[in-house]
Number of protein chains: 2
Amino acid sequence: MRFSRQRQVVYQTLQQTDTHPDAQWVYNKVREVLPNISLGTVYRNLNELCCAGMVKRISASDNVERFDARTASHAHFVCRCCGKIDDVFDSNVDVGETHGTVESVEVMVYGVCSECMKGGNYCG
Amino acid sequence: MRFSRQRQVVYQTLQQTDTHPDAQWVYNKVREVLPNISLGTVYRNLNELCCAGMVKRISASDNVERFDARTASHAHFVCRCCGKIDDVFDSNVDVGETHGTVESVEVMVYGVCSECMKGGNYCG
DNA sequence: TCCGTAATTAGTAATGATTACTACTTAATA
DNA sequence: TATTAAGTAGTAATCATTACTAATTACGGA
């Protein structure tokens, strides 16, 4: 993977925020530095960085993919009213006190299923 | 909330599968019983059922919302190759053995953040 | 330092999921 | 049964994301 100027700025931009932004937000932010970058380039680089393990993709039920440059494992608090995503780093914290009213907790285990491992559908 | 024929069939269809389908799959399945139902109706009913707490929405990073009529809390195994979602009911199970290779575990806490609770942005 | 070349980009078009809109229909209640 | 607000079918619109292409560029080797 080459390290183009565009890819650098996309990555740095994501590292400098803790708001778990979507591609459009990253695009707007990066344009302050690279006014001619295209939205497609932002999308492609976010995907490349995800593949490289430098960025994590966050899906939180509002039809928008969000991204996080903090790859250390941590939980997220998602507000279903404003869509905001907070980090929950400390497992001892009372989320209900610190972040808001808790309605449900979802645990998602990501990986490659047995059929795909066997069938050679394994992708990367 | 009224209990229209369409809503009944959408709900029943979702109850009769454990594949965590998306709206299109539900649409195709429901059309076997109600050939004239429209895709918009399926979407609207899935959303209504979510609001009513009878159905859960599952976001798993492939640009499609999936739905689950099993509202009892349980974890999900998501294959990043084929997109399949398995239920993980038994917390004692070795997910790596039973479902596939585990790459990451994400914990999402859903709720309403403090600002929205205070600001009257609370929505339902 | 200069080439060669494959990776990357900008710009635009296409795709695909989801929502919005409207005139018509129907479930549920009095 | 009559009323009526909720629900529906069908279609158009929206919006996030991906695909495509000709031009540009990073980077290893001469």
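Numbers restart at 1 for each chain; the letters A, B, ... are given by sequence-line order, proteins then strands.
Relative to the ring axis of A:Y27, A:R31 places its NZ or CZ within 45° and under 6.0 Å from the centre.
For A:M108 against A:Y110, the heavy-atom pair with the smallest separation is CB-CE1, 3.6 Å.
Using a 4.0 Å heavy-atom distance criterion, A:R5 is classed as making no nucleic acid contact. Among the atoms of the strands shown, none is found under 4.0 Å from any heavy atom of B:D62.
Under 4.0 angstrom from either OP1 or OP2 of C:dT19 there lies at least one side-chain N or O belonging to B:N47. Within the 4.0 Å cut-off from OP1 or OP2 of D:dA9, at least one side-chain nitrogen or oxygen of B:T41 is found. OP1 or OP2 of D:dT8 lies within a sub-4.0 Å distance of a side-chain N or O belonging to B:N45.
Between B:I37 atom CD1 and C:dT26 atom P there is a gap of 14 Å when expressed in whole angstrom units. Taking atom CZ on A:R7 and atom P on D:dC27, their separation rounds to 10 Å, with Å as the unit. Taking atom OH of B:Y43 as the reference point, atom C1' of C:dC21 lies 17 Å away to the nearest angstrom. When rounded to the nearest whole Å, the span between CZ of B:R57 and P of C:dA17 equals 15 Å. C:dA17 atom P lies 13 Å from atom OH of B:Y27, rounded to whole Å. We find that CG of B:D22 is positioned 13 Å from P of C:dG16, with the value rounded to whole Å. Taking atom CE on A:M1 and atom P on D:dC27, their separation rounds to 11 Å, with Å as the unit. If you measure from atom CG of B:L39 to atom P of D:dA13, you get 17 Å, rounded to the nearest angstrom.
Side-chain contact between B:D87 and B:H20 is present, with at least one heavy-atom pair separated by less than 4.5 Å. No side-chain heavy atom of B:F67 sits less than 4.5 Å from a side-chain heavy atom of B:L49. The side-chain heavy atoms of B:V64 and B:Q24, taken from C-beta on, include no pair separated by under 4.5 Å.
Of the listed nucleotides (C:dT8, D:dC27, D:dG7), D:dG7 has the atom at the smallest distance from the side chain of B:R44. Picking from C:dT18, D:dT17, C:dT8 the nucleotide with the shortest atom distance to the side chain of B:E65 gives C:dT18. With D:dT8, C:dA28, C:dT9 as the candidates, the nucleotide lying closest to the side chain of A:Q6 is C:dT9. In this structure, the nucleotide among D:dT8, C:dA10, D:dA9 sitting nearest to the side chain of B:S38 is D:dA9.
Both B:V42 and B:R2 lie close to DNA chain D; mapped to their nearest nucleotides by heavy-atom distance, the more 5′-ward contact belongs to B:R2.
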